[in-house]
There are 2 protein chains.
Amino acid sequence: MKVHKHTKGCFRSHQDSLPELTHRLRKGGAHRMTGPREAVLDAMRAADRPLAIKEIHELLKGTECDLATVYRSMHLLCKSGMVRRVEFGKGGRRFELIPERQEGHHHHLICTECEKVVLLDDCLLDQVAGRIASATGFKEITHQLEFFGRCPACQ
Amino acid sequence: MKVHKHTKGCFRSHQDSLPELTHRLRKGGAHRMTGPREAVLDAMRAADRPLAIKEIHELLKGTECDLATVYRSMHLLCKSGMVRRVEFGKGGRRFELIPERQEGHHHHLICTECEKVVLLDDCLLDQVAGRIASATGFKEITHQLEFFGRCPACQ
DNA sequence: CTCTTGCTGCGAGACGTTTGCATTTTGCCC
DNA sequence: GGGCAAAATGCAAACGTCTCGCAGCAAGAG
């Protein structure tokens, strides 16, 4: 079982530049790179874990970006495939940036006390999904998986 | 990959009787079996899939059970280990009855169009959880996993 | 049957999220 | 560089979901 010990380095590694991000955004339709959207993307790039909408809004307090705009930006970024929505149980919905040309995805292990997040390496379930597809006739199978537990510091 | 083709039969198989359920409820503390709680349990026993709070409340329209009471009942039943909360993505939170002396748990495959639910057989991830525990030092590891896709009828 | 304790209904209200609308901004074309 | 149409923003109002306080009611122990 391989896990990432240095969470920060891992999340910060996808340093897509602003022009790159703008390009990705435009690909999806007539969308513009605006001040608020850039600020939202910056916040996510700087973060070392998936962020909640409220957290992003607070990080943007300096720029006075409206909460509704953060919601609208996240919807757009999700639809454009630049951001992934993660269900964090008690911690609610979080969002994380998807690096350009990332293949596969990972899951998280979340402390039920302090919400510390540990990244788990690439998903082990894609083959399972294939088998489910042939057994049930379902298509386009995706999944949502997170682990929860008590981290060493909280035990 | 083994799946349950006949969802109804599967969910209905845990016909714990009312006295049994009452006993399970009492075990957890000074809790009483009341009309509304019985109605909630009946609704879940009759259902062929996990239900949302709102659905349960609507099923109970005849008995005029208050929405707040449904919420309170579900909290209690979860805390007593009689009910499991399942995150259904877009479909929100759902709840399903846990049969007496059930070992292990299962996951669901949910159609993203019509919300049809297929039960998947017992969880394959418990060993994975053990490996995560020793790799990270986390304890009491649980997980939340659901699959989504397009069912044959919706393709 | 009575009494205690827990439960319910009701209303208020706390969050999280979405929407309509008037105004501002962006990116494009000239 | 300036002007234009389309898109994005801020603000406020409205939702949906879920929680809480409180007064009255009911379950179940003695």
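Below, chain A is the first sequence line, B the second, and so on; all start at residue 1.
In summary, the side chains of B:His23 and B:Glu100 do not present any donor paired with an acceptor at a separation below 3.5 Å, with no hydrogens or angles considered. A side-chain donor-acceptor contact under 3.5 Å links A:Glu96 and A:His106.
Using a cut-off of 4.0 Å between Lys/Arg side-chain N and Asp/Glu carboxylate O, A:Glu146 and A:Arg94 are scored as not salt-bridged. Using a 4.0 Å cut-off between charged nitrogen and carboxylate oxygen, A:Arg49 and A:Glu55 count as a salt-bridge pair.
Using a 4.0 Å heavy-atom distance criterion, B:His57 is classed as making no nucleic acid contact. At the heavy-atom level, B:Leu67 lies nowhere under 4.0 Å from the strands shown. Looking at heavy-atom distances under 4.0 Å, B:Arg72 makes contact with a base.
With values rounded to the nearest 0.5 angstrom, A:His31 atom NE2 is found 9.5 Å from A:Leu77 atom CG. With values rounded to the nearest 0.5 angstrom, A:Met33 atom CE is found 5.0 Å from A:Leu41 atom CG.
The separation between A:Leu51 atom CG and C:dG16 atom C1' is 17 Å, rounded to whole Å. Taking atom CG of A:Asp66 as the reference point, atom P of C:dC21 lies 17 Å away to the nearest angstrom. Atom P of nucleotide D:dA7 and atom CG of A:Leu76 are separated by 12 Å, given to the nearest angstrom. With rounding to whole Å, A:Phe95 atom CZ is found 11 Å from C:dG16 atom C1'. Following rounding to the nearest Å, A:His75 (NE2) and D:dT9 (P) show an atom-to-atom distance of 14 Å. The CD1 atom of A:Ile56 sits 14 Å away from the P atom of C:dG16 (whole-angstrom rounding). Counting to the nearest Å, the P atom of C:dG27 and the CG atom of A:Leu25 are 10 Å from each other.
For the pair B:Ala30 and B:Thr69, both in contact range of DNA chain C, the more 5′-proximal nearest nucleotide belongs to B:Ala30. The nearest heavy atom of DNA chain D to B:Ile53 and to A:Pro36 marks one nucleotide each, and the one closer to the 5' end goes with A:Pro36.
Against DNA chain C, the stretch residues 78-93 of chain B makes no heavy-atom approach under 4.0 Å.
For B:Tyr71 and D:dC18, the shortest distance from a side-chain N or O to OP1 or OP2 is below 4.0 Å. For D:dT17, one of the phosphate oxygens OP1 or OP2 lies less than 4.0 angstrom from a side-chain nitrogen or oxygen of B:Lys54.
For the residue pair A:Met74 and A:Val40, the shortest heavy atom distance occurs at SD-CG1, 3.8 Å.
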Can you check nucleotides 23-30 of chain D for protein contacts, nitrogen or oxygen pairs under 3.5 Å, and list what you find?
from	atom 1	to	atom 2	distance (Å)
D:dA27	N3	B:Arg32	NH1	3.1
D:dG28	OP1	B:Arg26	NH2	2.8

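Between A:His108 and the options A:Phe88, A:Phe148, A:Phe147, a ring-ring contact (aromatic ring centres under 6.0 Å, His included) holds for only A:Phe88.
Side chain of A:Ser80 to backbone of A:Met82: no donor-acceptor contact under 3.5 angstrom is found.
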